[in-house]
Amino acid sequence: MSRHRRAVPRESSILVAGRLRAQAMVRSVRGFVARSPRLAAAVRRLRWGYPRPGRQGIRRWLPSWRQLLTLVVGTLGLLTGVIAFAYERTQIPTDLNSFATQQDNVYYWADGTEMGRTGQVNRQALPLSKVPASVQWAVLSAENATFYTDSGVSPSGMLRAVYEMVQGRDTQGGSTITQQYVKNAYLNRDQTLSRKISEIFIAIKLDSKLSKQQILENYLNTSWFGRGTYGIARAAQAYYGKDVSQLDPSQAAFMATLLKGAGDYDPAISRANHDRAKVRWAWVLDRMVANGELSAAQRAKYTVFPEPIEPKRTIGLSGQTGYLVETAKAYTAAHTKISPAQFDLGGYQIYTTFDKPKEKALTSAVQNMKSGLKPEQREADRNVRVGAASVVPDGRIVALYGGEDYLKQGFNDANAATVPAGSAFTPFVYAAALRDGVQLQRGAARTPVTPDTVYNGDDKVPVKTPEGPYWDRGGKMAKTANDGGKSWGRISLREAMAQSVNGPYTQLGMDVGLDHVGKAAVDAGLLPDTLGAQVPAFALGNSTPSVIRMADAYGTFAAGGTHTEPYSVLRIVHGGAAVSLDKPAVTQPFSPQIAGAVTQALEGAVQRGSATAARDALGGTTTRDGQVAGKTGTVQDNTSAWFVGYTKHLSTAVSLFRVDPKTQLLVSLDGLGGAPTGQFRTDWPATAWADYEKAVG
């Protein structure tokens, strides 16, 4: 048997030659050192010699001062060399980030056809000489008081920015105006160390190339101020409807406030934004005084926040289109990493979940319902508002009604969290009881509950806790209150749900535990911040969920207990590439048996109970989509009327309410449509639901 030797790879001629040259270089250096006694002695003194020879114990491991000095000098030299190399290689880009070539954002229906567009970038370059000094100094006081004396970067800001990046937080606070301009004009907004280093080097070079006036002018013309505007000129028009030269110092301070992030400081977006804007506006004015650009006497004149005008509505978003676009835009902002500034630059294609035929049918159904109003003749028919939403049990929002016209009423009533759900909330009490049972004695084990569990259905029954009667803050004993004061005697939970008997569900909520009820409602799909105070009325719907959330939560029962977060965007494309979009969360808060029991009770409500108006308008208890389940919703003060209904494949909620235009508070529906005082108008939402269901179900 022959033996084979393992093949040994031979070195290439290049490697051999390189190794020989290195060895020759080492011999040459050694020879040079040997011929120079002083140099040889210095090398021996500085040789690393670690662990240190001739030392004992811990001293053997402690470096000498020469070794420490060598290490520090070497490290600094290396760092200096790296920085110098990087600085030398960094070039100021020749192409600005283009604003003029950006596209509109285009929204599409679920079938892929175009639904609407939002405008192009609103930008106008303006010479610095046309910008009032008060505006310039408001911006400098807010963003970079040392602008005219710094070198384009702030060492302390740089260190702070690096620290913030290491901590995984935002880095914007460490930037000078020069750096911010570099980021606006040349770079992207990625929060990465490499981008930050490029920003710093370009800023230093730019500061030596351009005058401070040129940099400030460019910064003011490229900064994002929100409302689709880039640059101070268009921003002044968007927020105050005037030329920038007409802004007073107070308005200038507000414009400077927006530079911190218009998405967080535009007062039109939310009350929280308004509060933040007022605080920072006052701070900017105080900074202007501290920097000597505004006298204390002038500052004393500005004590009232300069309220901006309302945002202008984009033509082309009339009717319901604006509400649909607004909903999809809000979802995009919450579920992608696209910043508001990036979104305003445009170029995004947003493919929504909205179904055009269903949207048309829902709008028609609501308008048919409102045709019965006679606001010219009846005071009770004025200022009536309707919110409606239709959600597939898998979470897709397929249609919504946000108001009469987006261009006339910007507030989206489909997403309003101000209207109490009333007794439409009781299915969540029922689901919580079936899932968690009740606790009749404090500390005792929980007792299971079934649909056949019997409760006292009489009117004015004292509400009890495990310790005894419940006393309200006014010192009165809380009692149940059925609609019309009717007493039902002993009644099962299933039948009490079908007949909308308040008393049993008021007490059931206390027995289950209002915290358990709240958790069940949130598990089903309601938002925690829309839940009402946890008092006995909690079980009867003092919570104020939107119709979108109510439709989605009832859809959890339609889906056999599986909940999917409602969503309005299927996918987003930018520059031909897909944008990362969070997927809606899916949970299983209730078993199919519990969901089925809730559905059975709500089918009874439509068949023979409180929701027969939906049955009558529908012409039966079934649709092409299957059996109908639903629940009306009323509150004791009659400030809202609801109907939420669903089949296996579609859940739809309709809310009806009135708003005082002066206070924006809810007012009673008494007398609506000519009805007698005290009559609940759940028949109107139920009829609108039925008209919609007949068209699409």
Side-chain angles (χ1 to χ4, degrees), residues 389 391-396 421 423-439 446-453 455 492-498 500 504-505 508-528 530-531 534 538-541 543 545-567 583-606 611 625-631 633 642 644-653:
V391 181
V392 178
D394 66 8
R396 283 176 292 134
S423 48
F425 185 85
T426 53
F428 308 123
V429 183
Y430 190 34
L434 295 174
R435 184 179 70 177
D436 302 341
V438 297
Q439 188 176 46
R446 301 186 74 86
T447 303
V449 168
T450 72
D452 295 318
T453 298
Y455 267 71
S492 71
L493 292 177
R494 181 195 297 109
E495 191 63 15
M497 176 62 65
S500 195
Y505 279 91
L508 181 64
M510 301 299 290
D511 293 346
V512 174
L514 298 181
D515 56 337
H516 285 258
V517 173
K519 186 177 187 309
V522 171
D523 289 346
L526 303 194
L527 296 175
T530 64
L531 297 184
Q534 291 197 356
F538 182 68
L540 297 182
S543 299
S546 68
V547 288
I548 292 175
R549 285 286 170 173
M550 281 292 277
D552 179 66
Y554 272 57
T556 298
F557 302 129
T562 299
H563 172 247
T564 305
E565 280 289 289
Y567 64 103
K583 293 182 179 179
V586 180
T587 57
Q588 182 76 42
F590 307 108
S591 68
Q593 292 74 23
I594 291 174
V598 174
T599 296
Q600 185 183 43
L602 296 181
E603 287 173 348
V606 175
D625 196 24
Q627 190 81 9
V628 175
K631 183 73 180 70
W642 286 73
V644 189
Y646 63 91
T647 60
K648 290 185 297 183
H649 303 298
L650 195 63
S651 177
T652 305

Contacts of [X] that satisfy ring pair (Phe, Tyr, Trp, His ring centres under 6.0 Å) - sequence neighbours left out:
X	value
Y646	none
F590	F557
Y455	none

Tell me the closest heavy-atom pair linking [X] and [Y], and the distance in Å.
X	Y	result
V606	G630	CG2-N, 3.5 Å
T647	G626	CG2-O, 4.2 Å
L602	P427	CD2-CG, 4.0 Å
D515	Q534	N-OE1, 3.6 Å
A539	T426	O-CG2, 3.5 Å
F428	A524	CE2-CB, 3.8 Å

Residues that Q627 engages under side-chain hydrogen bond (donor to acceptor under 3.5 Å, both in side chains), provided they are two or more places apart: none

Test of understanding: with side-chain hydrogen bond (donor to acceptor under 3.5 Å, both in side chains), list the residues that count as partners of T587, not counting sequence neighbours. none

Apply the test ring pair (Phe, Tyr, Trp, His ring centres under 6.0 Å) to residues F538 and F425: give CA-CA distance (whole Å), side-chain angles for both, the deciding distance (0.1 Å), then the verdict. CA-CA 9 Å; F538 182 68; F425 185 85; 5.4 Å; yes

Restricting to side-chain contact (heavy atoms from CB on, under 4.5 Å), what partner residues turn up for [X], sequence neighbours left out?
X	value
T562	A559, V586, Q588
A551	V391, S651, A653
E565	R549, H563, P584, A585
T447	V438

How long is the span from the [atom1] atom in [X] to the [atom2] atom in [Y], to the nearest 0.5 Å?
X	Y	atom1	atom2	result
R494	T453	CZ	OG1	9.5 Å
L514	H516	CG	NE2	10.0 Å
Y505	S500	OH	OG	9.5 Å
S546	L526	OG	CG	8.5 Å

Going by the rule salt bridge (charged side-chain N to carboxylate O under 4.0 Å, His left out), which residues pair with [X] if we only count those two or more places apart in sequence or in a different chain?
X	answer
D523	R435, K519
E603	none
D394	R396

Any side-chain heavy-atom pair from T652 and V644 closer than 4.5 angstrom? no

Is there side-chain contact between P589 and T556, with at least one heavy-atom pair below 4.5 Å? yes

Donor-acceptor contact present, side-chain S543 to main-chain P545, <3.5 Å: no

Are the side chain of T599 and the backbone of A595 linked by a donor-acceptor contact shorter than 3.5 Å? yes

Is R446 salt-bridged to D436, going by a charged N under 4.0 Å from an acidic O? no

